[in-house]
Amino acid sequence: MTTSPHPPLLSPGYRSTVLRAPRQQPILLAPSLSELTGPVLGEGPVVAGDADLSVDGSGEAQGQRIVVHGQVRDAGGRPVADQLVEVWQANAAGRYLHKWDRHDAPLDPHFTGLGRTVTDGQGHYRFVTVKPGAYPWGNHPNAWRPAHIHFSLFGRAFTQRLVTQMYFPDDPLFAYDPIYNSVPEFARDRLVSQFDLSATVESWALGYRFDIVLSGNSATPMETS
Amino acid sequence: MSAGPTPSQTVGPYLSIGLTWAEGPYVVAEDAPGAVWLHGRIRDGAGEPLPDALVETWQADPQGRFHTPGFRGFGRCGTDDDGRWAIRTVKPGPVEGQAPHLVVSVFARGLLHRVVTRLYFADEAEANGGDKVLATVPPERRHTLLAERDDEGYRFDIRLQGDDETVFFDL
Ligand SMILES: [Fe+2]
């Protein structure tokens with residue numbers, strides 16, 4: 001028997017779950033071909049330059065430049081190749097480019113916070129960005145989210161779809177964050193990237209490694225003829 | 001870093017930065033034979049609409065086949081300020097003897113993991129009656145999985161919690 005690494009939907013410390021988490025037990029579904037296949041998005045939505053968030057057409061973003069890379073694998077350890085990876089994040093000051101973000105921190109004219117890329121044949125991805133700042137939120141008094149990057153992955157099947165958040169090592173805010181702590185304790189460190197000297201680029205950017213393992217089965221890969 | 005599956009986390013309130021895709025709602029072109037809008041509203045346990053949610057759909061083509069060249073099969077639409085979403089697609093064919101259906105993921109601030117449901121078509125009563133997945137759903141809750149014909153296409157509201165809570169599945 002395996003224990004789920006995923007957070008319970010109802011995690012009252014994260015207040016927004018209270019009215020949004022379903023209260024009925026989900027019904028167990030034996031996956032059919034509908035669930036064991038999934039979209040092959042590949043390069044479709046990706047535009048040149050999408051993997052580098054640290055520059056736009058007219059200049060460089062403020063902040064600590066970083067390289068974030070890793071390998072995407074399925075539960076059997078097989079690399080998930082040629083699949084879309086989407087990321088979004090706050091800027092170095094902890095502000096999102098979003099109409100609802102009213103945090104009193106500066107926007108950055110050269111930073112949108114959106115990135116996209118596709119895994120290579122071995123399931124590897126790589127982004128260049130700036131380290132996001134921590135930011136306050138209204139969940140409880142003096143609440144701050146630890147610095148994080150949002151990740152979205154498809155895998156090879158509907159069952160494998162994952163949206164998660166990548167954190168940075170040794171963040172002192174972990175102890176106070178109900179979203180990070182909603183994850184069962186044994187699996188929390190899977191959300192924390194590691195400093196990676198081998199991915200660090202001399203005189204240019206710090207490297208962080210974040211490997212991702214997708215749960216869920218897929219059908220035998222089908223050829224599209 | 002430990003091996004083992006990576007835990008899910010919420011998309012948070014700013015999901016539209018990363019998950020908006022201009023082509024997302026258009027699974028098929030406007031002039032595709034059988035093109036129809038699937039649409040609805042997402043509400044929470046207090047009946048309030050969710051302006052920060054996202055619906056994704058995956059489906060077979062009208063012949064019940066997946067990965068047909070030229071047919072993306074995947075739809076994505078964020079909700080607007082009234083919690084409304086809409087995806088233009090075609091009704092799928094039967095898959096492995098099941099009634100026509102789409103598989104649906106819902107993401108939102110406050111959902112630490114996506115929730116998964118299925119969209120069936122109310123006007124496929126005979127096929128629905130023989131569907132092995134619908135058969136596992138208590139009869140009094142099945143209607144939450146049925147999209148109803150309306151002027152715009154088919155309406156499929158999603159209620160995350162409370163009376164008439166949508167049936168969600170555990171994969
Ligand atoms: Fe965030």
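Quick caveat, the model's predicted, so the values are computed rather than measured. By convention in this document, chain letters (A, B, ...) are assigned in the order of the sequence lines, proteins followed by strands, and residues within each chain are numbered from 1.
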Exercise. Is it the backbone or the side chain of A/Ala187 that comes under 4.5 Å from a heavy atom of chain B, or both, or neither?
Worked result: both

Exercise. Where do B/Asp44 and A/Leu19 come nearest, in terms of heavy atoms and distance?
Worked result: CB-O, 3.3 Å

For this session: Just say parallel, tilted or perpendicular for the rings of B/His113 and A/His6, cut-offs at 30° and 60°.
Result: perpendicular

For this session: Determine the minimum heavy-atom distance between A/Pro5 and B/Pro7, stating which atoms define it.
Result: O-CB, 3.2 Å

Problem set entry | Contact origin within A/Pro8 toward chain B - heavy atom pairs under 4.5 Å | backbone

For this session: With sequence neighbours excluded, tell me which residues meet side chain to side chain donor-acceptor pair (under 3.5 Å) with B/Gln161.
Result: none

Exercise. Is it the side chain or the backbone of A/Asp74 that comes within 4.5 Å of chain B heavy atoms, both, or neither?
Worked result: neither

Exercise. Going by residue number, which parts of residues 10-17 of chain A are within reach of chain B, meaning a heavy-atom gap below 4.5 Å?
Worked result: A/Ser11, A/Tyr14, A/Ser16, A/Thr17

Problem set entry | Nearest heavy-atom neighbours spanning A/Pro7 and B/Leu112 | CG-CB, 3.7 Å

Problem set entry | Between B/Tyr14 and A/Gln89, a side-chain donor and acceptor under 3.5 Å | no

For this session: List in chain and number order the residues that pass side chain to side chain donor-acceptor pair (under 3.5 Å) with A/Gln83, two or more places apart in sequence or in another chain; answer none if no residue qualifies.
Result: none

Exercise. Checking heavy atoms, do the side chain of B/Thr20, its backbone, both or neither come under 4.5 Å from chain A?
Worked result: backbone

For this session: Could you pull out the closest heavy-atom pair between A/Arg20 and B/Leu160, with the gap in Å?
Result: O-CB, 3.4 Å

Problem set entry | Polar side chain donor-acceptor pair, B/Gln98 to A/Ser32, under 3.5 angstrom | yes

Exercise. Would B/Ser16 and A/Trp88 satisfy side-chain contact (heavy atoms from CB on, under 4.5 Å), going step by step from the backbone distance to the final call?
Worked result: CA-CA 9 Å; B/Ser16 66; A/Trp88 69 103; over 6 Å; no

Exercise. Is it the side chain or the backbone of A/Thr159 that comes within 4.5 Å of chain B heavy atoms, both, or neither?
Worked result: both

Exercise. What pair of heavy atoms forms the shortest contact from A/Pro22 to B/Leu111, and how long is it?
Worked result: CD-CD2, 4.4 Å

Seminar exercise, completed: The interface call for A/Leu29 against chain B, heavy-atom contacts under 4.5 Å, is both

Exercise. What are the residues of residues 109-118 of chain A, in order of number, with any heavy atom under 4.5 angstrom from a heavy atom of chain B?
Worked result: A/Thr112, A/Gly113, A/Leu114, A/Arg116

Seminar exercise, completed: Under 4.5 Å to a heavy atom of chain B? For A/Gln24 that would be both

Exercise. Which region of A/Leu153, side chain (C-beta onward) or backbone (N, CA, C, O), has a non-hydrogen atom less than 4.5 Å from a non-hydrogen atom of chain B, or is it both or neither?
Worked result: neither

